Undergrad: 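Take a look at the following structure, please.
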Amino acid sequence: MTRLLSQGQADLLHLLAQMPFLDRLEMAALAGRSRGGVYQAAGRLEEAGLIDSVPHGTPLLASTRRYYLTQRGVKALALAEVLPVGRLLREYPISLRFRRTLLERLDAAAVIYRPASVLAGLGHPVDFRWRRALPQDADIVLPDGCVLTILRRGATAERAGFAKRLWRLAQGPRPSAVLVIVPDEVRLRQAVALLREARPAAAPVPAFFALEHHVAAAGAGDPIWRSSAGAALSLDEAVGRANSGGMTAAEPPLVRVSIPKDIDLSGGGENIPDHLLPVLLRPAEKRALDLLADWPWLTREDLAGLLDVSLPRASQLTAALERLGLATGFQLDARRLALTDRGLKLLARRDRVSTGEARQRWSVNTGNDGEGVSGRRSRQLLRDLEHTAAVHRFVAALNRQARGLGWDVEQLDPPHRASRYFRHYGRPRALHPDAFGTLRRNDLLRPFFLEYERRAVRPATMAQRLAPYLRYYSSHRPADDHGARPLVLVVFDDPVAPTHFLEVARREMLRLRVPLPLLASHRELVGMEGPLGAAWLATGGDFQPVEPLHRYQ
């Protein structure tokens, strides 16, 4: 078969060695050929047993089939390029170990392939290089020597871990530019600040930032990339602002390499190897997995609200995750769901974070003493399950109600991502709300913090709860962090507490001369009106309900 390979077929084999798990549209863009020609060549290679494909889809990307070299394909490419198989395995990411790494990161890899495909479609032939152990995910080298380094922050990556990756990147060889992909606006602003702190002032490298869902969907001319100064640019414009030249970091080759077996997807349940889960899970199942990672101890009803699906559909999704050993249920006050260690490992490998640290924070296995769960954050949420459940009900109800009122829930962060760290009169301070969210309707942006209070019933305690917000809002940080000053929503169990709380807040705001966009309510009223309804009281006057939150200015 090797002697019968056309030049186009040999080029496709080479492309799939350099960039495994491309789909056919990406192959067409990167090879600079017509879709019809690539479809035909790929079909013939597949018939000959030189390439094969796996199904793949994510919440951000449409389901497709992604192609890789089979064992026969690796040997055929070695003959075509007159290279020993061992050298081919070291030069390209097609060895057994590297293939497993790419499969574990496949959801991220599919997004990272998008900028490379866009650049190739703009007439920039690319030399794409996956990085296995370096801080960046990949490097793209253009024909003129421009080196674009791609760095993705996954949804489960902690701030400290990502800051370390940025610092390591800044200490290495200088590329022409850095493309940073992040999950949301808050972490985009964090990335701008962290990269500014990490890189030496004497060695500036242009950096451009984009939201992951924009990267997944953007076309060539879409201005989705933002410079550190905030200018919105297309990818071609960002490349035009890159430094000339640029260096790539050297990565030690793998010492031991072997040709991987062809992928077999016939196994079932927990017998499926971990690295094959990204190709077997459906996009909706991956979305449910991410929500269980964000909000441990969810009920199926609240998960249905966050997914905006029916309860039977949510039950179907969680049953699939439990069958694969990725999630498990606990009969507490109700049946509550959490990720297993296998589920935590799947997301950690996708997002390039420490599996051990993820387990230390979130594992729901029994601790060494035989009592309680071992993950410290899961244990903390479980200790105050009534509070945790109340927050879950609020965010699930908000997500349900928003769509009916024409709002998009652009961001909904659990407590561990809602925290904000800042300095106040030179001292480090922190804000630890129960949730943070952002609603958007057309050009109107409405960020908010949520506090669910059960214990702040005395004036002194109420003042203590307010103090971190008054410090935070005394500076420009709220607008810098979120693009607008977030509302502060406080929900009490006691129907009398909101009016007392707002009176305390009014006095504190006058005393400190810090205006606070504060609204308060109680559990029963929020349950009746919904989080976006006329359930809120504001400071001033006789504390009458304000306009429904979705119309509140």
Side-chain angles (χ1 to χ4, degrees), residues 294-303 305-306 330 332-336 377-402 412-416 418-419 431-437 448-470 486-509 516-540 542-550 552:
D294 283 349
W295 308 95
W297 312 117
L298 273 174
T299 62
R300 282 198 179 98
E301 291 79 7
D302 289 338
L303 178 61
L306 287 167
F330 296 83
L332 302 168
D333 60 329
R335 192 167 192 274
R336 296 191 173 275
R377 290 184 180 172
S378 293
R379 186 168 60 247
Q380 182 180 7
L381 292 171
L382 190 58
R383 279 176 182 159
D384 198 353
L385 186 58
E386 187 176 347
H387 179 275
T388 299
V391 174
H392 289 176
R393 284 194 300 271
F394 184 97
V395 295
L398 181 140
N399 192 64
R400 284 276 200 204
Q401 194 178 21
L412 203 52
D413 286 344
H416 59 279
S419 296
L431 195 68
H432 298 293
D434 293 314
F436 171 81
F448 66 89
F449 292 111
L450 172 68
E451 288 282 357
Y452 191 90
E453 285 293 351
R454 295 172 56 230
R455 299 186 180 91
V457 293
R458 297 171 56 241
T461 311
M462 292 178 175
Q464 290 174 1
R465 293 289 194 270
L466 281 167
Y469 286 96
L470 291 166
L487 294 171
V488 180
L489 308 180
V490 186
V491 182
F492 291 86
D493 272 341
D494 182 359
V496 177
T499 54
H500 294 319
F501 178 75
L502 290 171
E503 177 58 30
V504 172
R506 186 180 65 82
R507 292 199 301 264
E508 290 296 299
M509 285 188 271
L516 197 60
L518 180 67
L519 298 175
S521 188
H522 60 87
R523 177 173 49 82
E524 184 179 351
L525 188 55
V526 170
M528 288 169 39
E529 298 287 341
L532 297 180
W536 302 94
L537 308 176
T539 55
D542 54 359
F543 307 116
Q544 291 299 310
V546 299
E547 285 286 318
L549 187 60
H550 68 95
Y552 180 70

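Just so you know, these numbers come straight off a predicted model, no measurement behind them. The first residue of the sequence shown is numbered 1, and numbering continues consecutively from there.
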Undergrad: If you look at every heavy atom in Ala463 and Val504, which pair is closest and at what distance?
TA: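 Shortest heavy-atom contact: N-CG1, 4.1 Å.
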
Undergrad: Rounded at 0.5 Å granularity, tell me how far CG in Leu450 sits from CG in Leu412.
TA: 9.5 Å

Undergrad: What is the minimum heavy-atom distance between Gly530 and Ala535, and which atoms define it?
TA: O-CB, 4.1 Å

Undergrad: Using side chain to side chain contact (heavy atoms under 4.5 Å, CB included) as the criterion, point out the one residue from Thr388, Val391, Asp302, Leu381 that pairs with Trp295.
TA: Val391

Undergrad: Can you see which heavy atom on Ala418 is nearest to which on Ala435, and at what distance?
TA: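 Heavy atoms of Ala418 and Ala435 come nearest at CB-C, 3.8 Å.
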
Undergrad: Taking side chain as C-beta onward, heavy atoms only, is Val488 less than 4.5 Å from Phe448?
TA: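 Heavy-atom side-chain distance check fails, nothing below 4.5 Å.
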
Undergrad: Going through the checks in order, is the side-chain contact (heavy atoms from CB on, under 4.5 Å) test met by Leu466 and Leu516?
TA: CA-CA 10 Å; Leu466 281 167; Leu516 197 60; 3.9 Å; yes

Undergrad: Mark yes when over 12 heavy atoms from residues, nucleotides or ligands other than Arg335 sit less than 6.0 Å from its CZ; otherwise mark no.
TA: yes

Undergrad: Looking at Pro414, is its backbone amide N or carbonyl O close enough to the side chain of Asp294 to form a donor-acceptor pair, meaning the two atoms are under 3.5 Å apart?
TA: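 Not a single qualifying donor-acceptor pair exists.
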
Undergrad: Can you list every pair that meets salt bridge (Lys or Arg N to Asp or Glu O under 4.0 Å) and has a residue in residues 516-526, with sequence neighbours left out?
TA: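 Counting only pairs at least two positions apart or across chains, the salt bridge (Lys or Arg N to Asp or Glu O under 4.0 Å) contacts touching residues 516-526 are Asp493-Arg523.
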
Undergrad: ring-ring contact (aromatic ring centres under 6.0 Å, His included) with Phe436: which residues, sequence neighbours excluded?
TA: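 Counting only residues at least two positions away or on another chain, Phe436 forms a ring-ring contact (aromatic ring centres under 6.0 Å, His included) with Phe449, His482.
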
Undergrad: Can you find a heavy atom in the side chain of Arg400 that is under 4.5 Å from one in the side chain of Leu306?
TA: no

Undergrad: Between the main-chain N or O of Leu532 and the side-chain N or O of Gln401, is there a donor-acceptor pair closer than 3.5 Å?
TA: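 Indeed, once roles are kept as given, a pair shorter than 3.5 Å links the two residues.
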
Undergrad: Could you tell me the separation between the CG atom of Leu298 and the NE2 atom of His392, rounded to the nearest 0.5 Å?
TA: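 Atom-to-atom, Leu298:CG and His392:NE2 are 5.0 Å apart.
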
Undergrad: For the residue pair Pro531 and Trp536, what are the closest heavy atoms and their distance?
TA: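 The pair with the smallest heavy-atom distance is O-NE1, 2.9 Å.
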
Undergrad: Could you tell me the separation between the CG atom of Leu518 and the CZ atom of Phe501, rounded to the nearest 0.5 Å?
TA: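 Interatomic distance, Leu518 CG to Phe501 CZ, rounded to 0.5 Å: 5.0 Å.
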
Undergrad: Quick one: list whatever passes ring-ring contact (aromatic ring centres under 6.0 Å, His included) with Tyr452, sequence neighbours left out.
TA: His387

Undergrad: I'd like to know whether Glu451 forms a salt bridge (charged side-chain N to carboxylate O under 4.0 Å, His left out) with Arg465, so could you lay out the CA-CA distance, the side-chain angles of the two residues, the decisive distance to 0.1 Å, and finally the verdict.
TA: CA-CA 9 Å; Glu451 288 282 357; Arg465 293 289 194 270; over 6 Å; no

Undergrad: State the CG-CG distance between Asp434 and Asp413, to the nearest 0.5 angstrom.
TA: 13.0 Å

Undergrad: What's the separation between atom CD in Glu508 and atom OG1 in Thr539, rounded to the nearest 0.5 Å?
TA: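 Between atom CD of Glu508 and atom OG1 of Thr539 there are 13.0 Å.
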
Undergrad: Over all heavy atoms of both residues, which pair between Thr299 and Ala334 is shortest? Give the atoms and the distance, please.
TA: CG2-CB, 4.2 Å

Undergrad: Using side-chain heavy atoms (C-beta onward) and a distance below 4.5 Å, is Met509 in contact with Leu470?
TA: yes

Undergrad: Say whether, by atom type as modelled, one donor and one acceptor occur between the side chain of Ser419 and the main chain of His416 under 3.5 angstrom.
TA: no

Undergrad: Find the distance between CG (Asp494) and NE2 (His500) and round it off to the nearest 0.5 Å.
TA: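 Reported to 0.5 Å precision, the distance equals 7.5 Å.
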
Undergrad: With a 4.5 Å heavy-atom cut-off, do Leu519 and Val490 have their side chains touching?
TA: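 Not touching, per the 4.5 Å side-chain cut-off.
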
Undergrad: Show the nearest heavy-atom pair for residues Ala497 and Met462, with the distance to one decimal.
TA: O-CE, 4.0 Å

Undergrad: Closer than 4.0 angstrom, basic N to acidic O: yes or no for Glu386 and Arg454?
TA: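 Judged by the 4.0 Å cut-off on N to carboxylate O distance, Glu386 and Arg454 do form a salt bridge.
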
Undergrad: When you compare the side chain of Leu382 with that of Arg379, does any pair of heavy atoms fall below 4.5 Å?
TA: no

